[in-house]
Student: 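Pasting in a structure now, in structure tokens, and then I'll have a few things to ask.
So you know, we letter chains A, B, ... as the sequences are listed, proteins then strands, and number each from 1. Bear in mind the structure is a predicted one, so any value in this text is a computation, not a measurement.
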Number of protein chains: 2
Amino acid sequence: MMARTREFDEEKVLDAAMQLFWEKGYEATSLSDLTSRMGITRPSIYSTFGDKKELFEAALRTYTMARASEMRAKLQGNPSVKEAFRNFFEDVVAEETSGELSRGCFCINTMVELAPHDEKFEILTREHQMYLSVIFQEAIERGIQSGELKTVSDAKALAQALITSLIGLTVILKSRPQRAFVDNTLEVTLSLLK
Amino acid sequence: MMARTREFDEEKVLDAAMQLFWEKGYEATSLSDLTSRMGITRPSIYSTFGDKKELFEAALRTYTMARASEMRAKLQGNPSVKEAFRNFFEDVVAEETSGELSRGCFCINTMVELAPHDEKFEILTREHQMYLSVIFQEAIERGIQSGELKTVSDAKALAQALITSLIGLTVILKSRPQRAFVDNTLEVTLSLLK
DNA sequence: AAAATAACATACCGATCAGTATGTTATTTT
DNA sequence: AAAATAACATACTGATCGGTATGTTATTTT
């Protein structure tokens with residue numbers, strides 16, 4: 001039973017927490033950072049989301065769900081699978097290149113920072129990547145079905161290799177490599193789709 | 001001029017700091033962690049290495065130099081370039097799979113944690129990866145020279161794509177993916193060498 | 001041997017950390 | 001309207017953070 005009505009939008013403040021954790025990671029984000037960015041007080045955070053780790057987990061789950069559906073939409077929105085993949089990878093590059101900060105991928109950041117020390121996040125991040133690789137796989141199978149891609153391709157293995165390259169690309173973009181490096185990587189990687 | 005003689009081996013304690021930063025990252029490693037692992041006191045750390053960030057930088061530089069020469073040795077030690085790359089990638093997998101903790105690559109960890117927020121580490125991590133890609137490139141060129149690889153290959157672009165895949169592989173191993181995922185990725189990635 | 005000096009050990013600094021106790025205010029239930 | 005209750009705001013907790021002041025000990029230089 002609810003007495004006084006909540007003055008903040010739970011979804012909005014969680015999104016604010018997500019942005020912050022995404023930018024700075026778990027350890028480097030303090031409760032003070034969170035209260036000021038979320039616009040609510042410390043006790044409100046604890047009563048609504050639990051402790052810092054639980055809030056982080058909620059933020060990450062929000063992120064992964066949004067990212068998976070965004071990715072599926074992008075890959076399904078183009079009749080040509082090759083074009084869809086190229087556009088997708090180039091969007092990633094554009095996203096990280098534009099703007100002051102390259103936040104990378106929240107899930108990948110978490111895989112690096114927390115997965116080795118916290119089994120919950122080891123599982124959560126692994127399963128998200130596996131899920132993404134299935135989305136890749138479905139797109140590739142669509143390309144094989146339509147005749148755009150060679151029938152002999154191992155769709156699953158190819159999808160997994162592309163996910164691995166996507167992770168590598170996302171990570172190295174944080175060091176702001178030269179444009180040519182990225183372009184070369186993209187050309188060679190996408191040449192796997194044939 | 002030196003009065004009292006130093007009681008610790010500078011190289012050894014720096015190596016201890018490297019191990020710790022490698023395992024836990026910058027933020028999650030405290031000065032207390034460092035003193036107990038390095039076996040020296042706080043003032044000794046500060047007088048010898050400077051503050052926490054400077055110590056971290058020294059540790060990272062030690063790591064990158066060791067890693068680059070280790071990598072060059074592994075790639076040069078085999079007359080077959082294809083075999084050399086396969087062994088190299090499989091060594092990475094074995095390294096991360098065995099043992100309780102998958103530390104990943106210290107430089108990649110730093111790229112994720114610090115590069116977006118600290119230009120010094122953006123540059124340091126980028127240049128290390130570029131250096132590694134040149135080592136890859138030289139091995140590929142050797143393979144072209146010997147006739148083992150196709151003459152038309154763009155050695156540089158290929159090397160850069162392989163580095164990107166290596167980064168992706170190193171990162172995803174932190175989430176302990178299924179063996180089949182890794183094997184598939186490896187097969188497809190190494191198929192680029194032909 | 002005396003003076004100088006640098007590495008040592010101990011104990012401390014203010015600041016900040018994650019998390020909570022306490023009291024007030026607004027809304028619902030009775 | 002009274003009682004109950006949950007969200008609010010403020011202020012606090014002990015612990016730990018990175019970094020340093022201070023005094024002692026060992027070695028070198030004079």
Student: Measure from CZ on B:Phe49 to P on C:dA7 and round the result to the nearest Å.
Tutor: 12 Å

Student: In Watson-Crick or G-U wobble terms, both distances under 3.5 Å, what is the partner of C:dT29?
Tutor: D:dA2

Student: Rounded to the Å, how far apart are B:Lys52 NZ and C:dA15 P?
Tutor: 19 Å

Student: If only side-chain N and O atoms count, and only distance matters, is there a donor-acceptor pair under 3.5 Å linking B:Ser80 with B:Glu148?
Tutor: yes

Student: Could you check how far CD of A:Glu27 sits from P of D:dT16, rounded to whole Å?
Tutor: 14 Å

Student: Nearest-Å distance, CG (B:Asp33) to P (D:dA15)?
Tutor: 18 Å

Student: Name the closest nucleotide to the A:Asp51 side chain, picking from D:dT10, D:dG19, C:dG19.
Tutor: C:dG19

Student: Taking only side-chain nitrogens and oxygens of B:Ser30, does any of them come within less than 4.0 Å of OP1 or OP2 of D:dT16?
Tutor: no

Student: With distance as the sole criterion, is a donor-acceptor pair present between the side chains of B:Arg103 and B:Gln19 under 3.5 Å?
Tutor: yes

Student: Want to settle it: does B:Ile40 or A:Glu7 sit nearer the 5' end of DNA chain C, counting the closest nucleotide to each?
Tutor: B:Ile40

Student: Tell me the interatomic distance from B:Arg4, atom CZ, to D:dA26, atom C1', rounded to whole angstroms.
Tutor: 5 Å

Student: Starting from P on C:dC17, measure out to CG on B:Leu31 and report it in whole angstrom.
Tutor: 16 Å

Student: Between C:dC8 and B:Ser44, is there an OP1 or OP2 to side-chain N/O distance shorter than 4.0 Å?
Tutor: yes

Student: Would you check if there is a donor-acceptor pair between the side chains of A:Gln137 and A:Glu141 at a distance under 3.5 Å?
Tutor: yes

Student: Under 3.5 Å for both donor-acceptor distances, Watson-Crick or wobble: does D:dC8 have a partner, and if so which one?
Tutor: C:dG23

Student: Where the side chain of B:Pro43 is defined as all heavy atoms beyond and including C-beta, which of D:dG19, D:dA7, D:dA21 is the nearest nucleotide?
Tutor: D:dA21

Student: Can you measure B:Ile45 atom CD1 to C:dC8 atom C1' for me and round it to whole angstrom units?
Tutor: 14 Å

Student: How do B:Arg42 and B:Phe8 order along DNA chain C: which one's closest nucleotide is nearer the 5' end?
Tutor: B:Phe8

Student: Return the pairing partner of D:dA15 with a 3.5 Å limit on both distances, Watson-Crick or G-U wobble; otherwise return none.
Tutor: C:dT16

Student: Within this structure, what is the CG-to-P distance between B:Asp9 and C:dC8, rounded to whole angstrom?
Tutor: 12 Å

Student: Could you please name the option among D:dT27, C:dT27, C:dG19 that lies closest to any side-chain atom of B:Thr5?
Tutor: D:dT27

Student: Ignoring hydrogens and geometry beyond distance, is a side-chain donor-acceptor pair present between B:Tyr131 and B:Arg67 at under 3.5 Å?
Tutor: no

Student: Please determine if a side-chain N or O atom of A:Ser32 lies less than 4.0 Å away from the OP1 or OP2 oxygen of C:dC17.
Tutor: yes

Student: May I ask you to say what B:Thr29 touches in the nucleic acid, namely base, sugar-phosphate or nothing, with a heavy-atom cut-off under 4.0 Å?
Tutor: sugar-phosphate

Student: Mind checking the CG-OH spacing from A:Asp15 to A:Tyr63? Nearest 0.5 Å is all I need.
Tutor: 12.5 Å

